[in-house]
Amino acid sequence: MQNKIVITEDGSHTIYVPLLDEHYHSTHGAINESMHIYINAGLKHQKKKEINLLEIGFGTGLNAFLTLATAIQEEIKVNYFTIEKYPLVEAEYKLLNYPEHVFPEFAGYFGLLHQLSWETEHRVSDEFMLKKIHTDLKTFDFHDIPGFDLIYFDAFAPGKQPEMWSQEILEKIAQHTNPGGVFVTYCAKGSVRRMLNSVDFQMERLPGPIGKKEILRGIKQL
Ligand SMILES: C[S@@+](CC[C@H](N)C(=O)[O-])C[C@H]1O[C@@H](n2cnc3c(N)ncnc32)[C@H](O)[C@@H]1O
């Protein structure tokens, strides 16, 4: 069965994956969820003016687009590294309606983020560098990339893809996170919080976006 584009409650699109019975975002609002978790609790929480950011799951490019627009507005330099095993094809990403609902002044960048080639660092604007890495997180070798200041962990839910939330993967990420680095995810499961605590993130639960009680944020200890 093919993936389907569906409209969430804030009018923005998400993708439904029948094989996993899973959506890319909250059906209560994709933009609302991404802004709440990744931009407001993540990007705006860290205080550096230049950061290396790692995203797990480029997907629709929504997090990347919101980060680019916020980086330009807030004058933060972001080096954005994103890992994706199953890139969307043009026929899919062309239909996504994000710039109609948020940051329309940056609409021109949305398609560009998808069109840029993989495995290469692209300077998209003065504030935003993008490197998309087409690979499987489970076998990814972190050695060639820099220490991170911000992690957007946006894999499918542990109940659907438990292998993405393994102690081994979280430990590798922790080892490549700078002290004081921020880890944010929509997942508030106790087992995930405990694993992150055990790899030296000091974790806190925060109120979630509409439809979700809590999310997690961690700060990497020295
Ligand atoms: C919840 S969606 C991510 C949504 C994305 N951040 C966005 O803004 O649209 C999870 C993403 O993880 C990707 N993915 C699934 N398995 C993966 C793997 N083994 N390695 C890397 N990416 C994977 C999926 O293709 C999907 O794009």
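Counting starts at 1 for both ligands and their atoms, in listed order. All values derive from a computational prediction rather than experimental measurement.
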Quiz item: Which residue supplies the protein heavy atom nearest to atom 10 (C) of ligand 1, what is that atom called, and how far is it?
Solution: Asp154 O, 3.2 Å
Quiz item: Do any heavy atoms of Leu88 fall under 4.0 Å from ligand 1?
Solution: no
Quiz item: Is there a heavy atom in His25 that sits closer than 4.0 Å to ligand 1?
Solution: yes
Exercise. With heavy atoms only and a cut-off of under 4.0 Å, state how Glu163 meets ligand 1: side chain, backbone, both or neither.
Key: neither
Self-check item: Non-hydrogen atom of Phe58 closer than 4.0 Å to ligand 1
Solution: yes
Practice problem: For Lys49, look at atom NZ and say whether over 12 heavy atoms of other residues, nucleotides or ligands are found less than 6.0 Å away. | Solution: yes
Quiz item: Who's the nearest protein heavy-atom neighbour of atom 25 (O) of ligand 1, and how far?
Solution: Glu84 OE2, 2.5 Å
Quiz item: Should the ring pair Phe153 and Phe183 be called parallel, tilted or perpendicular, given that the plane angle runs from 0 to 90° and is split at 30 and 60?
Solution: parallel
Quiz item: Phe58 ring centre to Lys132 NZ or CZ under 6.0 Å, with the angle to the axis within 45°?
Solution: yes
Practice problem: Could you tell me whether Lys77 and Glu127 make a salt bridge, using a distance below 4.0 angstrom between a side-chain N and a carboxylate O? | Solution: no
Self-check item: Criterion ring pair (Phe, Tyr, Trp, His ring centres under 6.0 Å) against Tyr24, the qualifying member of Tyr93, Phe156, Tyr16
Solution: Phe156
Exercise. Record the part of Ile56 in heavy-atom contact with ligand 1 below 4.0 Å; permitted values are side chain, backbone, both and neither.
Key: neither
Quiz item: Taking the six-membered ring for Trp, is the centroid-to-centroid distance between Tyr152 and Tyr38 below 6.0 Å?
Solution: yes
Quiz item: Is there a heavy atom in Met164 that sits closer than 4.0 Å to ligand 1?
Solution: yes
Practice problem: With atom 16 (N) of ligand 1 as the reference point, say which of Gln161, His23, His13 has the nearest heavy atom. | Solution: Gln161
